[in-house]
*Asks:* 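Take this structure, written in structure tokens, and hold onto it; I'll ask about it next.
Remember, it's a predicted structure, so these values are computed and weren't measured experimentally. All values below were derived from every heavy atom in this structure, side-chain atoms included, with hydrogens, water molecules and symmetry-related copies excluded. Counting from 1, the numbers follow the sequence of the chain as shown.
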Amino acid sequence: QIELVESGGGLVQPGDSLRLSCAASGPSVRTFGSYSVGWFRQAPGKEREFVCAVSWNGDNTDYTDSAMGRFTISRNSAENAVYLQMNNLKPEDTADYYCAAKYYRYSRAPPDYDYWGRGTQVTVSS
């Protein structure tokens, strides 16, 4: 069992930046290095959607067109943590953001993920 906890959300203005964190813990946290991690978001009234992911070893990443060039995903294996740096935020980025872990290869499909955090809210508004 791996527990994921997101943090770092908040209310910001368009053009601002935020850094989200995803901290892993739990009885199986020593296996976290074998899991790819994805960030997803869900806006009110919409389905949960993929944002980006980082591979289990940190060598590969995947971004949606919307995230490419503005968001950066990274992981720190020593800290069992994954980060999402979000720059130039836009109102359409407003959503609850979730991190999720999937054994070995990442995927863009939420059902493929094994563990989920409870989310952190990001609101971009002037």
Side-chain angles (χ1 to χ4, degrees):
Q1 180 73 20
I2 295 176
E3 299 168 1
L4 302 175
V5 178
E6 304 91 339
S7 62
L11 171 63
V12 297
Q13 295 186 341
D16 285 352
S17 298
L18 275 177
R19 187 189 193 217
L20 306 184
S21 298
C22 173
S25 63
S28 300
V29 70
R30 61 183 176 82
T31 68
F32 187 61
S34 299
Y35 285 77
S36 293
V37 175
W39 282 97
F40 295 78
R41 67 187 182 186
Q42 188 167 16
K46 295 188 176 182
E47 292 187 352
R48 192 168 298 187
E49 64 176 9
F50 172 81
V51 177
C52 59
V54 60
S55 62
W56 60 275
N57 60 2
D59 285 351
N60 298 291
T61 56
D62 184 25
Y63 296 90
T64 60
D65 289 345
S66 175
M68 181 71 72
R70 297 190 300 128
F71 295 1
T72 303
I73 188 171
S74 61
R75 70 186 299 162
N76 185 319
S77 297
E79 297 181 353
N80 290 318
V82 174
Y83 305 100
L84 179 61
Q85 177 67 41
M86 303 189 295
N87 298 329
N88 190 22
L89 283 161
K90 304 175 180 181
E92 51 263 42
D93 294 318
T94 295
D96 292 327
Y97 282 72
Y98 300 86
C99 65
K102 179 185 178 298
Y103 182 72
Y104 196 39
R105 292 183 179 181
Y106 53 67
S107 164
R108 292 191 170 197
D112 290 346
Y113 283 75
D114 303 299
Y115 301 105
W116 288 85
R118 293 188 176 185
T120 185
Q121 189 174 59
V122 172
T123 303
V124 185
S125 175
S126 55

*Asks:* So which atom in V37 and which in I73 form the shortest heavy-atom distance, rounded to 0.1 Å?
*Replies:*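 V37 and I73 have their closest heavy atoms at O-CD1, 3.8 Å.
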
*Asks:* Determine whether more than 12 heavy atoms belonging to other residues, nucleotides or ligands lie under 6.0 Å from atom CZ of R108.
*Replies:*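 Atom CZ in R108 is crowded, with more than 12 foreign heavy atoms closer than 6.0 Å.
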
*Asks:* Are any of the side-chain heavy atoms of V54 and W39 separated by less than 4.5 Å?
*Replies:*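 No, too far: nothing below the 4.5 Å cut-off.
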
*Asks:* Identify the two heavy atoms, one from L4 and one from A100, that lie closest to each other, and give their separation to 0.1 Å.
*Replies:*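 Looking at all heavy atoms of both residues, the shortest contact is CD1-CA, 3.8 Å.
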
*Asks:* Under the disulfide (SG to SG under 2.5 Å) definition, can you give me all pairs with a residue in residues 60-91, not counting sequence neighbours?
*Replies:*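 Counting only pairs at least two positions apart or across chains, no disulfide (SG to SG under 2.5 Å) contact touches residues 60-91.
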
*Asks:* Which pairs, with at least one residue in residues 92-102 and sequence neighbours excluded, count as a salt bridge (Lys or Arg N to Asp or Glu O under 4.0 Å)?
*Replies:*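 Passing the test, one end in residues 92-102: R41-D93, R70-D93.
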
*Asks:* Is there a side-chain contact (heavy atoms from CB on, under 4.5 Å) between S55 and Y106? Walk through the geometry before answering.
*Replies:* CA-CA 6 Å; S55 62; Y106 53 67; 3.9 Å; yes

*Asks:* Can you name the side chain to side chain donor-acceptor pair (under 3.5 Å) partners of Q42, sequence neighbours left out?
*Replies:*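 Per chain and number, Q42 pairs via side chain to side chain donor-acceptor pair (under 3.5 Å) with R48.
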
*Asks:* Any side-chain heavy atom of P14 sitting closer than 4.5 Å to one from P91?
*Replies:*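 SC-SC contact between P14 and P91 confirmed.
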
*Asks:* Can you run down the disulfide (SG to SG under 2.5 Å) pairs that involve residues 46-126, sequence neighbours left out, and say none if there aren't any?
*Replies:*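 Those involving residues 46-126 are C22-C99.
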
*Asks:* With heavy-atom distances below 4.5 Å as the criterion, would you say the side chains of I2 and T31 are in contact?
*Replies:*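 Counting from C-beta outward, I2 and T31 do come under 4.5 Å.
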
*Asks:* Is the backbone of T123 close enough, under 3.5 Å, to the side chain of T94 for a donor and an acceptor to pair up by distance?
*Replies:*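 No; zero donor-acceptor contacts below 3.5 Å.
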
*Asks:* Would you compute the distance between atom CH2 of W56 and atom OG of S36 and round it to the nearest 0.5 angstrom?
*Replies:*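 Separation between the atoms: 9.0 Å.
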
*Asks:* To the nearest 0.5 Å, what is the distance between CG (N76) and OG (S21)?
*Replies:*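 Separation between the atoms: 10.5 Å.
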
*Asks:* Please report the shortest heavy-atom distance between F32 and A81, naming the atom on each side.
*Replies:*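 So the two residues come closest at CE2-N, 4.2 Å.
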
*Asks:* In chain order, what residues pass the salt bridge (charged side-chain N to carboxylate O under 4.0 Å, His left out) check against R118, with sequence neighbours excluded?
*Replies:*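 Salt bridge (charged side-chain N to carboxylate O under 4.0 Å, His left out) check on R118 returns nothing, list empty.
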
*Asks:* State yes or no: do V5 and L18 share one hydrophobic cluster built from I, L, V, M, F, W and Y residues joined by side-chain heavy-atom distances below 4.5 Å, directly or via other members?
*Replies:*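 Different clusters.
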
*Asks:* Which word best sums up how the rings of Y98 and W116 line up, parallel for under 30°, tilted for 30 to 60°, or perpendicular for over 60°?
*Replies:*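 Because their plane-to-plane angle is over 60°, the rings of Y98 and W116 count as perpendicular.
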
*Asks:* Angle class for the F40/Y113 ring planes (parallel below 30°, perpendicular above 60°, tilted otherwise)?
*Replies:*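 Judged by the thresholds at 30° and 60°, the geometry between F40 and Y113 is perpendicular.
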
*Asks:* Look up atom CD in E49 and atom CD in E47, then write down how far apart they are to the nearest 0.5 Å.
*Replies:*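 CD of E47 is found 9.5 Å from CD of E49.
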
*Asks:* Got a sec, which residues hit ring-ring contact (aromatic ring centres under 6.0 Å, His included) with Y35, two or more places apart in sequence or on another chain?
*Replies:*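 With sequence neighbours excluded, Y35 shows a ring-ring contact (aromatic ring centres under 6.0 Å, His included) to Y103, Y115, given in chain and number order.
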
*Asks:* Checking F71 against L89 for the side-chain contact (heavy atoms from CB on, under 4.5 Å) test, could you report, in this order, the C-alpha distance in whole Å, the side-chain angles of both residues, the deciding distance, and whether it holds?
*Replies:* CA-CA 9 Å; F71 295 1; L89 283 161; 4.0 Å; yes

*Asks:* Nearest 0.5 Å, please: how far is CG in N88 from OG in S17?
*Replies:*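 That separation rounds to 8.0 Å.
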
*Asks:* Hey, what do you get for CZ (R75) to OG1 (T61), rounding to the nearest 0.5 Å?
*Replies:*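 Interatomic distance, R75 CZ to T61 OG1, rounded to 0.5 Å: 12.0 Å.
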
*Asks:* Pair L20, Y83 - check side-chain contact (heavy atoms from CB on, under 4.5 Å), show working.
*Replies:* CA-CA 6 Å; L20 306 184; Y83 305 100; over 6 Å; no

*Asks:* Hey, any chance L11 and M86 share a hydrophobic cluster, counting ILVMFWY side chains that come within less than 4.5 Å of each other, even indirectly?
*Replies:*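 They do not share one cluster, since no chain of ILVMFWY contacts under 4.5 Å joins L11 to M86.
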
*Asks:* Using 0.5 Å steps for rounding, measure from the OH atom of Y97 to the CD atom of Q121.
*Replies:*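 The CD atom of Q121 is 11.0 Å from OH of Y97, to the nearest 0.5 Å.
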
*Asks:* How close do T72 and Y63 get, counting heavy atoms only, and between which atoms?
*Replies:*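 Heavy atoms of T72 and Y63 come nearest at CA-OH, 3.4 Å.
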
